[in-house]
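Just below is one structure, and these are the notes that go with it.
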Amino acid sequence: MSTPTSPAPADGGPAPQYVYGVTRSGVALPDGVPGVDDRPVTAVEGGGCAALVTDLPTGRPLGERADLVAHQRILNALVEAGTAVLPFRFGAALADRDAVEKELLGANAGRFTEILNGLEGRVELRIKASYVQETVLREIMESEPEIAELSRRLREVPPDAADAVYYDRIRLGELIAQAMQRRREVDGQVLLESAAPAAEAVVPKTPVREEDVLDASFLVRADRRAEFDKAVEELDRAHSSRIRIRSIGPLPPYDFVPEA
């Protein structure tokens with residue numbers, strides 16, 4: 001994440017610009033939603049596109065939590081208004097409004113328009129699912145005799161002999177982790193395949209925690225949002241005893257914008 005800084009411009013000189021993202025020309029800006037440093041957001045237009053910008057704060061680097069919140073606040077306001085937006089990662093800045101028009105939009109308007117066409121009328125929704133650990137651990141003990149037996153033996157070891165079974169405890173942890181991974185692969189695929197038909201594109205993410213089953217982003221047409229939500233609700237009902245499922249969004253469509 002870059003943290004641009006900027007000297008104060010000379011009196012009357014052009015101000016460096018912080019860029020939130022790109023949308024189409026003529027789109028209504030978020031009303032009453034302040035940007036970084038509570039500064040107003042304006043549009044620089046070119047090539048049928050509009051870059052949403054704010055004068056870059058001077059005399060300090062970006063990176064405070066308030067800066068991140070402001071960046072996301074502007075993008076969320078556009079998404080909530082149903083506006084197609086190509087979100088920029090936090091920290092994008094150019095020398096002035098002329099640079100935004102010529103270097104950013106002038107050089108990339110055609111590609112930006114193509115990306116916006118693919119996002120028009122669509123929203124990014126994210127599903128996160130995690131195991132109810134007590135339930136899944138009980139499943140593992142009931143279906144994996146080796147794990148159940150090793151766990152039983154370790155429970156019977158007296159406290160003063162704990163050092164003697166140190167490696168057995170490590171082995172038990174490894175076996176449980178492997179069993180969780182096998183279940184995650186099956187359960188995660190079931191959840192993914194059940195939700196995917198209502199989406200146009202899917203980006204699965206690598207689970208972070210041992211108990212995570214699925215973390216995936218879905219690009220969903222706005223007119224199929226109810227269908228997608230219903231699919232998620234049905235999944236939640238079907239798996240509620242062992243898996244907790246959350247749907248998050250709509251979100252700025254970072255996962256469906258080419259990095260380049």
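Count residues from 1 along the sequence.
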(message) So, applying side chain to side chain donor-acceptor pair (under 3.5 Å) with Arg24, which one of Thr113, Thr83, Asn117 is it?
(response)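 Among the candidates, only Asn117 passes.
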Tell me, do [X] and [Y] make a side-chain contact under 4.5 Å, heavy atoms counted?
X: Phe112; Y: Leu104; value: yes
X: Lys128; Y: Leu214; value: no
X: Arg171; Y: Glu146; value: yes
X: Pro253; Y: Pro87; value: yes
X: Ile243; Y: Val132; value: no
X: Ile127; Y: Arg246; value: no
X: Pro258; Y: Ile115; value: yes
X: Ile245; Y: Leu191; value: yes

Just by modelled atom types, is the [Y] backbone N or O under 3.5 Å from a matching donor or acceptor in the [X] side chain?
X: Arg184; Y: Asp212; value: yes
X: Ser217; Y: Asp255; value: no
X: Gln17; Y: Ala15; value: yes
X: Thr135; Y: Ser241; value: yes
X: Glu124; Y: Pro250; value: no
X: Ser25; Y: Cys49; value: yes
X: Tyr18; Y: Gly91; value: yes
X: Asn108; Y: Arg111; value: no
X: Ser151; Y: Ile147; value: no
X: Ser143; Y: Glu139; value: yes

(message) Pairing donors with acceptors under 3.5 angstrom, does anything connect the side chains of Gln178 and Glu174?
(response) no
Taking [atom1] in [X] as the centre, count heavy atoms belonging to other residues, nucleotides or ligands within less than 6.0 Å. Is the count above 12?
X: Lys102; atom1: NZ; result: no
X: Arg244; atom1: CZ; result: no
X: Asp31; atom1: CG; result: no

(message) Which Ile, Leu, Val, Met, Phe, Trp or Tyr residues join Leu251 in one cluster when any pair of side-chain heavy atoms under 4.5 Å counts as a link?
(response)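 Its cluster mates, by chain and number, are Ile248.
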Supply the atom-to-atom distance [X] [atom1] to [Y] [atom2], rounded to the nearest 0.5 angstrom.
X: Asp67; Y: Arg65; atom1: CG; atom2: CZ; value: 11.0 Å
X: Glu233; Y: Asp236; atom1: CD; atom2: CG; value: 8.5 Å
X: Leu175; Y: Ile140; atom1: CG; atom2: CD1; value: 10.0 Å
X: Leu62; Y: Asp37; atom1: CG; atom2: CG; value: 8.0 Å
X: Arg122; Y: Phe256; atom1: CZ; atom2: CZ; value: 11.5 Å

(request) Could you label the plane-to-plane angle of the Tyr254 and His71 rings as parallel, tilted or perpendicular, counting under 30° as parallel and over 60° as perpendicular? (result) parallel
(request) Could you note down all residue pairs passing side chain to side chain donor-acceptor pair (under 3.5 Å) where residues 38-48 supplies at least one of them, sequence neighbours left out? (result) Thr42-Arg97
(request) May I have all residue pairs that pass salt bridge (Lys or Arg N to Asp or Glu O under 4.0 Å) and include part of residues 68-92, sequence neighbours excluded? (result)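 Counting only pairs at least two positions apart or across chains, the salt bridge (Lys or Arg N to Asp or Glu O under 4.0 Å) contacts touching residues 68-92 are Arg89-Glu259.
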(request) Identify the two heavy atoms, one from Val41 and one from Val33, that lie closest to each other, and give their separation to 0.1 Å. (result) CG2-O, 4.3 Å
(message) Could you check whether Phe218 and Phe228 have their ring centres less than 6.0 Å apart?
(response)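 Yes, the ring of Phe228 comes within the 6.0 Å limit of the ring of Phe218, centre to centre.
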(message) With side chain to side chain donor-acceptor pair (under 3.5 Å) as the criterion, how do Glu193 and Gln189 come out once you've worked through the C-alpha distance, each side chain's angles and the decisive distance to 0.1 Å?
(response) CA-CA 6 Å; Glu193 291 178 356; Gln189 191 64 27; 2.8 Å; yes
(request) In plain terms, say whether Glu227 and Lys230 are close enough for a salt bridge, that is, a side-chain N and a carboxylate O under 4.0 Å apart. (result)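 Judged by the 4.0 Å cut-off on N to carboxylate O distance, Glu227 and Lys230 do not form a salt bridge.
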